[in-house]
Structure formats: C-alpha cells, structure tokens
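What follows is a set of notes on a single structure, which appears directly below.
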Amino acid sequence: MSWNAEESKKGYEMLLEKLRVEEGEEEKIRSILEAINLFNSRKDKVFKEVEDIEELRERIRRAKKEVLENLDYYVEMAARKMEDNLCRVYFARDGEEARKIVREIVGDAKLVVKSKSNACREIGIVEYLESHGIEVVETDLADRVVQLLGEEECHPVVPAIHISKERWSEAFSRETGREVPPEAQAITDASREGVRRAIMNAEVGITGANAIVAETGTIITVENEGNISLVSRIPPKHIVIAGINKIVPTLEDGLSVAEATTLFGTGQRFGTYVNFITGPSKTVDVGLETTIGLHGAQEVHVILLDNGRRRALEEGMEEMLYCLNCGSCLASCPVYMSLGEKYSCGYFGGIGMAFGSYIFGVQRAFLEGLNFCTDCGACAEKCPSKISSNEIVREIRRKAWEELGLLLPPHMRIRENILRTGNPFGESPEKRGEWLKS
Ligand code: SF4
Ligand code: SF4
C-alpha cells in the first residue's frame with residue numbers, strides 16, 4: 001500500500017489540534033476526573049456486595065457471544081416475539097434508513113420527547129427531526145441543559161458534568177422565566193416543569209434500549225430519573241431505536257445486562273427504575289376482547305439498527321459488539337482522562353473509535369484520534385464485557401494502513417527507518433557502539 005500522505009498529514013494536524021488546551025478545558029477535565037473518582041469509589045464499595053462479579057461478566061459475554069454467533073436466528077426470534085406482542089418492528093441498514101423510518105412514524109406530530117440513547121445520538125435523530133420543523137425535547141436532566149445551552153456532551157453517563165451550577169441556573173432561569181438559584185435541588189425542581197409539560201403534550205416518545213430479550217420480545221431500559229418510564233408510556237407512540245447487538249437470548253440475560261450497566265457505569269447496586277416493555281398498553285377486560293391503549297403507549301415501534309454492526313461481525317470484530325455503553329472503560333483510560341470528549345468518534349474512548357470506524361468509516365476514526373490509544377489495555381480491566389478495545393483499535397489501525405494508506409507522519413518515518421537501516425532511529429547498524437556515546 002502506498003502512503004496517503006495528504007490525508008495522513010491532515011490526520012496528524014487534527015490530532016495536534018485536539019491536544020491544544022483551550023480556555024476552560026483544564027476545569028472541564030477536573031470535573032470529569034471528579035465524576036470518575038466518585039463512580040470509582042462507589043464501585044469499590046458496591047462490588048463487594050456482589051456475590052460473584054466475575055460470573056456476571058462471564059454471563060454477559062456468553063449471552064452476547066451466543067447471539068452474535070447466531071445473529072439471524074436471534075434477530076428473527078426477537079422480531080417475531082415483539083410482533084406477537086403487537087409491536088411494529090423495522091430493520092434499518094444504516095442511519096439514513098433509520099431516520100426515514102422515524103420520520104414516517106412521527107408523521108404530522110410537532111412535539112417529540114426523547115430520553116438518553118446512544119443509538120439516537122449515533123444516527124443524529126434530534127438534528128434530523130429539528131431540520132424537519134419538529135421540536136425535540138431532551139428529557140434527561142443533563143441532556144436537557146446541554147440542549148438548552150447548545151453545549152457538547154463530555155461523558156456518556158454524566159454529559160453535563162463540565163457545566164457550572166451558575167450556567168445550569170442561567171439555562172433554567174431562562175426556561176422558566178424566574179430566578180433559579182445555582183443549587184442542585186433548585187435546578188432539579190425547575191427542570192422538571194418544562195420537561196414534564198413536554199412529556200404530557202408530546203405525541204411521540206423516543207428511547208433506546210439496554211437490552212431486547214429474544215425469547216419474550218421484551219425491551220429493557222435502565223434509568224435513575226424516571227424520564228424513560230414516562231417517555232415510553234405517556235405519549236401515544238413509543239419509538240425504540242436499538243442496535244442489533246442489544247439482543248440477548250433470555251430474560252435472565254437481560255437482567256444481567258441491567259445489573260452490570262449500573263454496577264459498572266455508575267457504581268450502583270441496581271438502577272432506580274428498570275422497565276420491561278412487552279408491547280403496547282392493553283387489556284381484555286371488556287368482553288375478553290383485546291383493546292389497545294390505556295395508560296401506556298398505544299403503539300410501540302422498534303427499529304433494529306445495523307449501521308455497520310454486521311460488517312464488524314463479518315470482519316472478526318465480534319467483541320466490539322459486546323459493548324453495553326456503560327462508560328466504565330473511560331474511568332481507566334489515560335487518553336480520555338486527559339482529553340475528555342475529544343477522544344471520541346461518535347462514541348467515547350477506544351471503543352468509540354472502534355464503533356466510529358464501522359459507523360462513519362476508518363478514515364474518520366483516523367482523523368478523530370484512532371492513534372491516541374496507548375495500547376495500555378486498562379479499559380478491558382474495567383469493562384463488564386471484558387472487551388479489549390486496544391486490540392480492536394490495533395486491528396483498525398492495521399486496516400487504516402493496509403486499505404487506505406493512512407499512517408501518521410512520525411510513524412511513517414519510523415517505518416522507513418526500519419526498512420532502510422533495521423532500526424527505528426535510521427542510524428547505521430554498523431555504528432551501534434557510537435549510539436551509546438551520543
Ligand atoms: S488501551 Fe487505549 S482505549 Fe484502552 S485504556 Fe488504554 S489508551 Fe484508553
Ligand atoms: S467497552 Fe465495556 S466498559 Fe466500555 S462502554 Fe462498552 S461495555 Fe462499558
């Protein structure tokens with residue numbers, strides 16, 4: 001493969017740009033580290049309460065492996081069971097197809113409420129719906145302040161940790177039209193008003209899923225705030241967008257995913273709310289006839305998203321698809337702890353580079369920071385699914401070179417030196433003794 005010098009140099013410039021410390025960034029990194037320390041100390045405590053954490057991790061790996069090795073079988077089973085439960089199921093090959101499906105389901109609705117969802121972020125559903133004149137209200141507290149202030153998320157679990165209480169207060173004072181003091185409880189109370197009003201008036205609620213159980217067709221979501229429960233029940237239409245890798249074989253596997261997501265993500269023994277949704281709200285109370293739509297959603301639409309996942313599987317990247325999106329790996333990643341959200345390609349961290357290269361292409365991952373990974377392997381230690389993101393990243397770097405000729409200029413120099421002189425310094429091998437002197 002010949003060197004793609006132009007793109008490689010561009011990638012190097014972008015990495016240097018990301019390394020530049022902008023005003024306020026040190027403060028942001030300090031906030032991220034505080035959150036990481038809090039979660040780590042909670043985890044140290046709560047892990048002692050779990051009888052066998054290693055068995056939990058193995059159970060998740062077994063469940064994910066089983067589905068991914070028999071993907072068509074489990075996708076078909078999950079879809080059939082969900083349809084039996086009166087859900088409508090759609091398959092989206094990529095983000096564009098998923099967005100079009102959502103647009104059709106949303107129809108003439110003018111207000112949509114949404115909960116935190118990686119799959120939604122992955123396909124850019126908020127921007128897409130807004131570009132079609134539809135108002136989308138984020139209902140997760142941190143996502144809402146990020147939306148109101150037009151900020152960037154900096155962490156998958158606490159995306160607004162970098163925003164000062166003064167700015168939170170400013171955002172919700174503006175939204176409520178009254179002075180909201182910069183205090184956590186006052187801000188929480190104030191945020192509830194607008195979000196609750198939007199949920200009550202919205203025609204459509206969009207959520208992701210932590211797991212989809214193939215044997216029962218049950219959608220599982222885990223949360224602390226209670227907004228997902230409301231978003232999935234109050235609006236007449238509930239849309240679920242989930243990667244095909246969220247499917248697990250059994251209810252027990254789904255519970256393991258729910259348990260591990262909070263244990264590893266936030267250091268909680270279990271999420272405050274765990275929702276099991278097996279179809280729209282229904283009853284047979286009146287003459288044993290099934291009628292739809294009481295106090296929950298009348299329609300449940302499930303979009304199963306591929307978006308590069310099958311290709312990753314075909315190319316031997318099965319382990320990448322074990323990801324629960326818990327964010328635990330970031331708590332040990334030296335790159336994320338130095339750069340924050342700059343170390344991302346759609347998703348955060350090394351695993352984000354892996355997903356990003358299949359969703360947006362290897363070239364984009366190369367430009368966004370594929371080469372930042374130090375290959376330390378610390379992420380695998382913290383991961384509930386024991387994913388070695390470094391090995392995946394290493395493989396994608398190989399692809400970047402072999403298929404696209406992408407190699408950072410300093411790496412290219414080392415390569416040329418080795419080929420020319422047999423050592424990375426480009427020094428004469430006959431004069432090894434003299435290297436010592438210099
Ligand atoms: S191997 Fe890479 S992604 Fe994993 S913790 Fe180390 S630097 Fe971060
Ligand atoms: S790679 Fe592991 S630790 Fe990181 S987000 Fe995915 S499941 Fe969590």
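All ligand and atom numbering here is 1-based and tracks the order in the structure. Keep in mind the model is a prediction, meaning the values are calculated, not measured.
Contact record, A209 with A242: CB-CB, 4.0 Å, taken as the closest heavy-atom pair. Closest non-hydrogen pair, N307 versus G95, comes out as OD1-N, 3.2 Å.
If you look at C376 next to ligand 1, the close heavy atoms, those under 4.0 Å, come from the backbone and the side chain alike.
The protein heavy atom nearest to atom 8 (Fe) of ligand 2 is C326 SG, 2.4 Å. The nearest heavy-atom contact from the protein to atom 1 (S) of ligand 1 is G377 N, 3.1 Å. At the top of the distance list for atom 2 (Fe) of ligand 2, counting protein heavy atoms only, stands C383 SG, 2.3 Å. Counting only heavy atoms of the protein, atom 6 (Fe) of ligand 2 lies nearest to C323 SG, 2.3 Å.
Within the structure, the closest approach of Y343 to ligand 1 falls below 4.0 Å when heavy atoms are considered.
The aromatic rings of F355 and Y347 sit tilted relative to each other, their planes meeting at an angle between 30° and 60°.
E17 is linked by a side chain to side chain contact (heavy atoms under 4.5 Å, CB included) to R20, E22, counting only residues two or more places apart in sequence or in another chain.
Ranked by closest heavy atom to atom 4 (Fe) of ligand 2, the top entry among C329, G350, G349 is C329. Of the listed options V257, L324, N118, L324 places a heavy atom closest to atom 7 (S) of ligand 2.
Atoms of ligand 1 found under 4.0 Å from any heavy atom of N390, numbered from 1 in the order shown, are 1 (S). Applying the 4.0 Å criterion to heavy atoms of V335 picks out, from ligand 1, the atoms 7 (S). Atoms of ligand 2 lying under 4.0 Å from any heavy atom of G327, numbered from 1 in the order shown and given with element: 5 (S), 8 (Fe). Every atom of ligand 1 with a heavy atom of T374 under 4.0 Å away is listed here by number and element: 2 (Fe), 6 (Fe), 7 (S). Proximity to N325 (heavy-atom distance under 4.0 Å) selects the following atoms of ligand 2: 5 (S), 6 (Fe).
No side-chain donor-acceptor contact under 3.5 Å links R144 to the backbone of S191. No donor-acceptor distance shorter than 3.5 angstrom exists from the side chain of R394 to the backbone of D375, with no hydrogens or angles considered. Under the 3.5 Å distance criterion, the side-chain polar atoms of S256 are left unmatched by any main-chain donor or acceptor of I60. Of the possible polar contacts, one joining the N224 side chain to the T272 backbone as a donor-acceptor pair under 3.5 Å is found.
Other residues, nucleotides and ligands contribute more than 12 heavy atoms inside 6.0 Å of the CD atom of E315.
Among the atoms of C379, no N, O or S atom falls under 2.8 Å of atom 8 (Fe) of ligand 1.
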